[in-house]
Amino acid sequence: MNTILSKTFFNRPTLTVAQDLLGKYLVRQVKGQLVALEINEVEAYDGPSDRACHAARGKTPRTAVMFGPAGHFYVYFVYGVHWMLNIVTGREGYPAAILIRGAGNITGPARLTKFLGIDKTFNAAAAAKSSGLWIEDRGVIVPRHLTQRTPRIGVAYAGAVWAAKPYRFLYTK
DNA sequence: ACGATGATGAAC
DNA sequence: TTCATCATCGTA
């Protein structure tokens with residue numbers, strides 16, 4: 001059975017949700033066609049004290065979505081070129097999100113959004129059929145020994161302590 | 001190793 | 001209003 005994950009799943013501690021996202025499916029529906037990719041790489045950005053999290057410098061028009069309810073997408077533009085897809089986690093008022101970096105055979109967050117046709121129009125959208133983009137539990141059991149935790153990519157600016165946090169989660173078959 | 005390419009936020 | 005920075009990728 002394929003269960004669409006709802007707010008209940010995302011409204012939990014960010015690191016827990018990040019670990020649990022491995023093996024879940026990112027599903028995109030466009031013109032009646034479904035594309036489903038198994039999530040295998042994510043990064044957690046957890047709260048105002050996380051110096052790598054965009055919300056660490058307060059609530060701004062860009063980061064406002066992260067302060068909202070869990071289960072919505074935070075999509076932003078970086079390096080003048082790429083769109084990044086995140087899903088908001090945790091309780092309302094607590095800014096946190098998870099960057100989806102890889103799914104299926106697509107490696108790299110920018111390649112993933114390009115492949116699925118995701119851009120700013122998905123920012124603040126709910127992860128649900130109504131938006132054409134959601135996440136499903138398809139019953140995959142991920143053996144713990146096939147997962148890894150490493151520091152996050154490209155966050156040296158956050159300082160030694162936060163850059164070293166093992167907030168990147170990988171699932172390799 | 002580096003340039004592309006533009007939104008963002010902080011400083012002035 | 002200007003400027004440095006940036007959760008990356010493709011080409012070299």
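Lettering of chains follows the sequences in order, A, B, ..., and the numbering in each one begins at 1.
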(message) Expected output check: what is the dot-bracket annotation of DNA chain C, where ( ) and [ ] are pairs inside the strand (brackets for crossing ones), | is paired with another strand, and pairs are Watson-Crick or G-U under 3.5 Å?
(response) ||||||.||||.
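Ser131(A) places a side-chain N or O within donor-acceptor distance of the main-chain N or O of Ala126(A), the cut-off being under 3.5 Å. Panel note: side chain Asn123(A), backbone Val75(A); a donor-acceptor pair is recorded below 3.5 Å.
Taking atom P on both dG3(B) and dA4(C), the two are 16 Å apart, rounded to the nearest angstrom.
At whole-Å resolution of the value, NZ in Lys114(A) and P in dT5(B) are 13 Å apart. A straight line from NE2 of His82(A) to C1' of dG10(C) spans 8 Å, rounded to a whole angstrom. As a whole-Å value, the separation of Met84(A) CE from dG6(B) C1' is 14 Å. Following rounding to the nearest Å, Tyr79(A) (OH) and dT5(B) (P) show an atom-to-atom distance of 16 Å.
Residues passing the salt bridge (charged side-chain N to carboxylate O under 4.0 Å, His left out) test with Glu43(A), sequence neighbours excluded: Arg101(A). With sequence neighbours left out, Arg111(A) forms a salt bridge (charged side-chain N to carboxylate O under 4.0 Å, His left out) with no residue at all.
The residue Val81(A) sits close to a base: some heavy atom pair falls under 4.0 Å.
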(request) Summarise protein proximity over nucleotides 7-12 of chain B in one line of letters, 5' to 3': B for base, S for sugar-phosphate only, - for none, counting protein heavy atoms closer than 4.0 Å. (result) -SSS--
Validation: residues 82-92 of chain A side-chain donor-acceptor distances under 3.5 Å, sequence neighbours left out:
from, atom 1, to, atom 2, distance (Å)
Asn86(A), ND2, Tyr74(A), O, 3.1
Thr89(A), OG1, Thr14(A), OG1, 2.8

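Annotation: cation-pi pair Arg28(A)/Phe115(A) absent, no NZ/CZ under 6.0 Å from the ring centroid and within 45° of its normal.
For DNA chain C, the residues of residues 92-112 of chain A within the heavy-atom distance limit of 4.0 Å (strictly under) are Leu99(A), Arg101(A), Gly108(A), Pro109(A), Ala110(A), Arg111(A), sorted by number.
The closest side-chain heavy-atom distance from Leu21(A) to Phe9(A) is below 4.5 Å.
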